[in-house]
Amino acid sequence: MRNYRHSVSLDISKCKGCTTCLKRCPTEAIRIRDGHAQINSDRCIDCGECIKVCPHKAKRAVHDSLKDMKNYTVTVALPAPALYGQFNNLTNIDYIIDGLGKVGFDYVFEVACAAEMVSAYTRTYLGRDGVSKPVISSACPVITRMIGMNFPYLADHIMPLLPPVEIAAKLARDAAAREHPELSPTEIGVFLISPCPAKVSYVKNGFAGDKNNIDRVISVRDVYFALLDVMKNGSIPEGTSSAGMIGIGWATTGGESSAVFNDRYLAADGIENCIRVLEQIDNEDFTDLDFIELNACSGGCVGGAMTVANPYIAGARLGSLKRYLPVSPNRPADGDIPDYCFSDGEVHYDGGYTLSSDRNEAMRMMSEIESITAGLPGIDCGSCGAPTCEAFAEDIVKNETNADECTIIMRELFHECIERRRKELLSEKIGSSKPKNGAEVDSKK
Amino acid sequence: MSENVTFHFDVDGENFSSAGEASVLVKKKLRQLGISPEIIRRVSIAMYEGEINMVIHAEGGSADVTVTDKEVAIVLSDRGPGIPDVSLAMQEGYSTARDNIRALGFGAGMGLPNMKKYTDSMEIETKLGVGTTITMKVKLS
Ligand SMILES: Nc1ncnc2c1ncn2[C@@H]1O[C@H](COP(=O)(O)OP(=O)(O)OP(=O)(O)O)[C@@H](O)[C@H]1O
Ligand code: SF4
Ligand SMILES: [Mg+2]
């Protein structure tokens, strides 16, 4: 996909060109060139893995800021449930809803509420005839993009419903517009409080097509710090949360699938695990499974790169916050799925890994890659700037780098040179044999 | 005339947890070659089943995948026990997999039938006590 707008980006001044992110990128989108990292935009899926691992904090997620509120007459906050798990000693979600008002939002619509609706619609959808099973959740944008890049065959297994953030945005916008008939749509600002860069790029690239109702995406982290300031005093909160157990459960792995209410599901997290699961369902027919929940982040959305707390600690906090909540107060009266909940944006295979659109050329390149790889050390050390020797060979064939970037081979050549020179010097000293090249002139003297 | 590309994989029979990895690698290569998703899926399913069979029934072996401008050919060769009755083994549901293998979800007796179903041709050469070589081809168009 060309001109893809990414949230994950690099601060060159901080990047030391170490190979940490190179090794961890699940799509091999990173190379080290001229001493610093470069991200290949066609391959980046905004999973945020490099942000999490960068020891120099050179990778970051670009997102909107709370200051952008001033561009709108009326503002609505859509807090993702992961936000609730960030706070230590929080006993009641109402404090957060109240705090969001104090921070300046006119309305709050909890993503968790929309999640409960999506859970109900998922159950309806799974019961329909002719649905390709297992159905894969559409909630994590990293996963849907990964499928588009790598698993075209699974594309029609993705649930065709909009993710909760989008449904929340639609309902919140409609409600605000009803309250303020005098305002034009551009005067209402809908702000998603997101745990991850993936949702930023989901919005910025208009993946929901015409159905995109989110104007700005701000980070859980920024909102967390803003809330700390206003939530200090322990007054009785005015706002009230209306989320239930199921909605809040969506922030951690297993929450979404347990709401399917049967045991024919699989829930996995961590991008590497998710890729393995996708590889396997791509090969086998998992007809005995109904539903697959995949979260790119360890622990689920609480593990997003724009959060503050450790995902497992946040998960435990959510566990106690939801303990006495009603199960699913926001489930729709009947499970019929309204039209607006269906997504327009189909996932298409974009062949991002194809060497060349001309098959013969691709075959030629592939043979060359194979033969170059065979001559490389095969230790995948990363010092050439590519994540593996094979990726390096591919870069050479694509003319993106050259063979002498391999420091291991260079070192061998260097040793050979030194050794040769040493022998030459030695033989000069003993005078027993003539040095080989170009040294004749000297020796005659 | 374009060149052919061959990929060779050793399939480790000792390490069950790595079973299925060669087919993932092949999938990656075929994507790089711009082969259509439909063909990739057929090749990788056939290859996966064959690879698993070599691990569970034959203590490993090797896989060679050759891509030409017309087809993808997969040759799986092992030095396992051989298959005593090929037409019986080809029947859906026939399996000699032991219980511990079944517990992992294998042993439905669907591997060989799937390999046949997803490829355009399949030949089995097998000799008791010597080994088995299976050659499968998937046409590119
Ligand atoms: N490479 C092989 N060497 C020896 N025997 C084999 C080999 N491949 C298959 N067989 C025999 O053929 C039988 C049927 O194989 P098939 O792949 O169809 O089913 P399975 O492996 O038992 O179960 P499934 O593939 O559904 O997990 C096996 O149980 C085994 O007895
Ligand atoms: S798991 Fe959740 S937080 Fe992580 S990338 Fe996916 S949607 Fe974002
Ligand atoms: Mg089998």
Side-chain angles (χ1 to χ4, degrees), chain A residues 26-28 43 146-157 266 272 275-289 347-374 387-388 390-391 393-395 397-398, chain B residues 1-9 17-53 64-72 92 104-108 110-111 113-115 117-118 140-141:
Chain A
T27 60
E28 299 193 339
R43 285 198 184 173
M146 189 77 202
I147 291 176
M149 264 170 83
N150 259 340
F151 302 98
Y153 218 85
L154 296 177
D156 71 340
H157 286 251
L266 174 163
E272 295 294 343
I275 293 174
R276 276 173 180 266
V277 168
L278 289 170
E279 291 287 2
Q280 215 156 328
I281 47 178
D282 195 33
N283 275 6
E284 286 175 65
D285 298 316
F286 270 85
T287 39
D288 42 350
L289 284 182
V347 177
H348 291 295
Y349 180 49
D350 58 11
Y353 286 89
T354 310
L355 291 169
S356 161
S357 50
D358 170 9
R359 173 78 49 76
N360 288 339
E361 178 60 7
M363 299 268 275
R364 190 198 59 74
M365 290 170 80
M366 180 66 80
S367 319
E368 215 179 319
I369 293 171
E370 296 289 308
S371 73
I372 295 176
T373 310
T388 62
E390 197 179 339
E394 184 179 334
D395 292 349
V397 171
K398 288 178 171 166
Chain B
M1 216 16 239
S2 77
E3 359 184 357
N4 300 345
V5 204
T6 299
F7 313 109
H8 174 83
F9 304 93
S17 60
S18 69
E21 282 176 5
S23 86
V24 170
L25 290 172
V26 166
K27 221 194 275 188
K28 187 178 161 204
K29 307 274 187 198
L30 297 182
R31 275 175 206 140
Q32 287 180 302
L33 292 175
I35 309 269
S36 78
E38 181 65 38
I39 304 274
I40 296 180
R41 179 171 158 94
R42 290 171 54 202
V43 170
S44 67
I45 292 180
M47 167 108 186
Y48 177 84
E49 294 286 9
E51 199 188 336
I52 299 284
N53 277 358
D64 289 275
V65 178
T66 306
V67 187
T68 68
D69 53 358
K70 293 195 186 59
E71 64 187 17
V72 182
E92 291 188 6
L104 288 161
F106 299 104
M110 288 306 293
N114 273 340
M115 288 156 72
K117 177 172 142 201
Y118 286 107
L140 284 183
S141 50

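Predicted, not measured: the structure shown is a model, and the values here were computed from it. Within every chain, numbering begins at 1; the chains are lettered A, B, ... in the order of the sequence lines, protein sequences first and strands thereafter.
- Heavy atoms of B/L140 lying under 4.5 Å from chain A belong exclusively to its side chain.
- Only the side chain of A/E370 comes within less than 4.5 Å of a heavy atom in chain B; its backbone stays farther off.
- Residue A/I275 holds its CD1 atom at 14.0 Å from CD of A/Q280, rounded to the nearest 0.5 Å.
- Looking at residues two or more places apart in sequence or on another chain, you find a salt bridge (charged side-chain N to carboxylate O under 4.0 Å, His left out) between A/E361 and A/R364.
- Ranked by heavy-atom pairs under 4.5 Å with chain B, the list A/D358, A/T354, A/I369 is led by A/T354.
- Of the two parts of B/K27, only the side chain, counted from C-beta on, holds a non-hydrogen atom closer than 4.5 Å to a non-hydrogen atom of chain A.
- With a 4.5 Å cut-off on non-hydrogen atoms, B/E49 does not touch chain A at all.
- Proximity to chain B (any heavy atom under 4.5 Å) is restricted, for A/E390, to the side chain, taken from C-beta onward.
- In this structure, OG in B/S141 is found 7.5 Å from CD1 in B/I39, a value given to the nearest 0.5 Å.
- Scored by the ring pair (Phe, Tyr, Trp, His ring centres under 6.0 Å) test, B/F106 finds B/F16 as partners (sequence neighbours excluded).
- The most heavy-atom pairs under 4.5 Å with chain A, out of B/M47, B/K29, B/R31, come from B/R31.
- B/Y48 places none of its side-chain heavy atoms less than 4.5 Å from the side chain of B/N114.
- A donor-acceptor pair under 3.5 Å is absent between the side-chain atoms of A/E28 and the main chain of A/A391, judged by distance alone.
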